[in-house]
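In listed order, ligands and their atoms are each counted from 1.
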Amino acid sequence: MMKTAFISAEVYPFSKVGGLGDVAGALPLELANLGIDIAVFTPGYGSIDRKSFAIESSPYRFRVRIGNDFVECGLSRWQSTVNPRLQVYFVENEAYFGSRSVYSELNGVPCADNPKRFYLFSKAVLEAFRVLNWIPQLIHCQDNHCALIPVYLKKASSDYRYLENSKTLLTLHNIAYQGITELSQWEMFNLPEDLFYPTAPLEWYGQVNPLKAGIIFADAVNTVSPTHAREITESQELSAGLKGVLASTGKRIYGILNGVDYREWNPATDRFIAKQYSPGTVSEKRWNKIALLKDMGFGQLDSDRPLIGMVSRLVEQKGIAILIESIERVMAMDVSMIVLGSGEPEYEKALLELSERFPGHLRIDFGYNNPLSHKIMAGADMFLMPSRYEPCGITQMAALKYGTVPIVHKTGGLADTIDNWNGETGNGFVFENYSSEALVGTIKKAVDAYRQKKIWKRIMGNGMACDFSWQRSAVQYHELYQSIIDGNK
Ligand code: ADP
Ligand code: GLC
């Protein structure tokens, strides 16, 4: 039986900030269903409700070296009741994880020492294999947080002899986050000094860049959609500066599209929404719109007016700048809009001002609110993702299932999942130029189509018929795992 470790800073339902949590919560189970013996490793954050998930503590204790200090860690464990081949191990340390949340303190303030926290996590995972005496054939690392694992296996191999036959895969969920830290911290890594010299694998414009080194030393690298795999190998901007590094490795960068977890995102079974529905009962969707308008405090419960929903981190990647530029022109189309998101303070401020200018039409919720995200998915007519770039995106695939028609920028996974309605075929509305003009023009097209009820029903039906389940992606990961283990990637 194939043995794989899946390493992630976020794992839904224990922890989640964005789509990484969704992926780590769904893909390992599908891999276990394909017969892989899989252990997920993630930090034991203080924000995790251990009791309700029945997470068990374990007797395992070990020390992890950081510079000249040794940090004591423990492990706790959760066993899947759906498939016994899947388990999740939590790396425990009170100061690094137990008293804090994923990337922020429990009060929401971002942690100042994230590179060090995830550096400890990466090394602790390698120690955990030793104390558990569980040696994976493949270590599947997600994003910058654990990108140093391939570096240790290649550059500190004498410390990790027990892993000499283990291979590594690094998945780039978001290449723009690289885990960069000060070069003055180099001794904390306990890695050879020459890795930090100018242009060496860990050096990056006078700083330390774990993601760059992970790309260089991993046995294989992939990202989360075919289009984004092309984009990062062709564009300096979309690779966040790492295009040359990707090319220098000579590796093929695989693109495997994420899936969406239909156990969570299915209007026929969704426990958060006012009225469940399926393709056969899609007219019931309107009760969700009425309930959402009411919940969000819209005075006029006009359910004929198109309702645009958005659920997003409010960061540059997500196209918030062109959204803000467009709002006045969009509001002139007589639509309602609901935005759920949190992120950069200047975006929150600008959106708040706009919602005060258009109180009858625009509502913003700045929280992180899972039930509300489901209600928006079910209640809105259109789902907006004007992302400047999007490695995959999970929410547009969920929106399709809810008959909530996506309006997206043609980039990354959005380009791979949403086909522009051309009068005959299509499941959404797609704009090519990243500009507020293109965004406004495409929202106008969607609003016009919405007013032609027959056409709108067809577009909704096309979306609801799409299948982006995780099984398909899991088969592709399984094949990639096998070829890496066999040494043929
Ligand atoms: P990213 O990982 O770049 O944020 P994805 O589309 O892959 O983008 O995944 C985002 C995930 O986070 C989705 O599951 C989405 O529903 C969720 N999400 C984002 N912002 C919020 C929020 N404010 N409240 C609840 N869920 C959110
Ligand atoms: C990242 C990307 C998003 C992707 C998610 C999961 O956060 O921004 O596009 O869907 O990872 O792979």
Side-chain angles (χ1 to χ4, degrees), residues 6 8-13 15-27 102-103 108 140-145 170-178 211 222-229 231-232 238 240 254-265 270 272 309-320 338-344 347-348 351 363-378 380 383-402 404 406 408-409 411-418 468 470 473 477:
F6 191 101
S8 180
E10 306 172 28
V11 181
Y12 185 78
S15 59
K16 169 173 152 181
V17 173
L20 175 61
D22 290 315
V23 175
L27 174 58
V102 184
Y103 311 117
H140 183 178
C141 304
Q142 322 302 316
D143 271 349
N144 73 81
H145 321 105
L170 175 62
T171 296
L172 305 169
H173 295 268
N174 201 328
I175 198 169
Y177 296 87
Q178 299 172 358
L211 192 69
N222 83 301
T223 183
V224 287
S225 70
T227 294
H228 195 59
E231 289 170 345
I232 58 175
L238 293 176
Y254 297 87
I256 301 181
L257 195 71
N258 287 334
V260 59
D261 190 345
Y262 291 128
R263 293 170 307 167
E264 286 292 320
W265 297 105
D270 193 323
F272 295 118
M310 188 162 172
V311 178
S312 181
R313 294 183 292 118
L314 298 179
V315 296
E316 197 266 348
Q317 169 193 352
K318 300 293 178 179
I320 312 302
I338 296 175
V339 180
L340 167 63
S342 54
E344 287 165 23
Y347 288 143
E348 294 194 0
L351 286 170
R363 284 280 191 279
I364 322 267
D365 187 312
F366 292 116
Y368 185 90
N369 187 332
N370 191 39
L372 181 57
S373 74
H374 285 251
K375 289 178 179 145
I376 293 174
M377 208 51 100
F383 193 83
L384 186 59
M385 282 181 88
S387 309
R388 183 173 71 76
Y389 75 94
E390 196 63 73
C392 182
I394 307 268
T395 37
Q396 82 280 11
M397 296 190 275
L400 291 172
K401 186 77 177 169
Y402 285 73
T404 305
V408 306
H409 176 219
T411 182
L414 300 176
D416 291 336
T417 52
I418 308 303
F468 289 109
W470 270 109
S473 322
Y477 274 104

Atoms of ligand 2 close to Gly393 [distance to a heavy atom under 4.0 angstrom, numbered from 1]: 3 (C), 4 (C), 9 (O), 10 (O)
Stepwise salt bridge (Lys or Arg N to Asp or Glu O under 4.0 Å) check, Glu390 with Lys318: CA-CA 8 Å; Glu390 196 63 73; Lys318 300 293 178 179; 2.9 Å; yes
Residue and atom name of the nearest protein heavy atom (relative to atom 15 (C) of ligand 1), distance in Å to one decimal: Thr395 CG2, 3.5 Å
Proximity flag Glu390 to ligand 1, non-hydrogen atoms under 4.0 Å: yes
For Val23, atoms of ligand 2 separated by under 4.0 Å from a heavy atom: 6 (C), 12 (O)
Under 3.5 Å donor-acceptor, Ser225 side chain and Pro391 backbone: yes
Check: Lys16 N/O within less than 3.5 Å of ligand 1 N/O: yes
Heavy-atom check, side chain of Phe272 versus side chain of Asn370, under 4.5 Å: yes
Identity and distance of the protein heavy atom lying nearest atom 20 (N) of ligand 1: Ser312 C, 3.7 Å
Proximal ligand 2 atoms for Gln317, defined as those under 4.0 Å from one of its heavy atoms: 8 (O)
Geometric N/O contact Val311 with ligand 1, under 3.5 angstrom: no
Closest protein heavy atom to atom 10 (C) of ligand 1, given as residue, atom name and distance to 0.1 Å: Gly19 N, 3.5 Å
Which segment of His173 sits under 4.0 Å of ligand 1 when only heavy atoms are counted: neither
Nearest protein heavy atom with distance in Å, relative to atom 13 (C) of ligand 1: Asp22 OD2, 3.4 Å
Min N/O separation Ser373 to ligand 1 under 3.5 Å: no
Of the listed options Glu390, Met385, Arg313, His228, closest to atom 3 (C) of ligand 2 (non-hydrogen atoms): Glu390
Location of contacts on Asn258 toward ligand 2, heavy atoms closer than 4.0 Å: side chain
Sub-4.0 Å heavy-atom approach of Cys392 to ligand 1: no
Which of the ligand 2 atoms, numbered from 1, are nearer than 4.0 Å to a heavy atom of Asn174: 8 (O)
Minimum-distance protein heavy atom relative to atom 24 (N) of ligand 1: Asn369 N, 3.0 Å
Atom 27 (C) of ligand 1 - nearest protein heavy atom and its distance: Tyr368 CE1, 3.5 Å
Protein heavy atom at shortest distance from atom 6 (O) of ligand 1: Ile394 N, 2.9 Å
Atom 1 (P) of ligand 1 [closest protein heavy-atom partner, distance rounded to 0.1 Å]: Lys318 NZ, 3.4 Å
Contact (N/O only, under 3.5 Å) between Leu20 and ligand 2: no
Ligand-side contact atoms (ligand 1) for residue partner Arg313, heavy atom cut-off under 4.0 Å: 1 (P), 3 (O), 4 (O), 20 (N)
Min N/O separation Gly367 to ligand 1 under 3.5 Å: yes
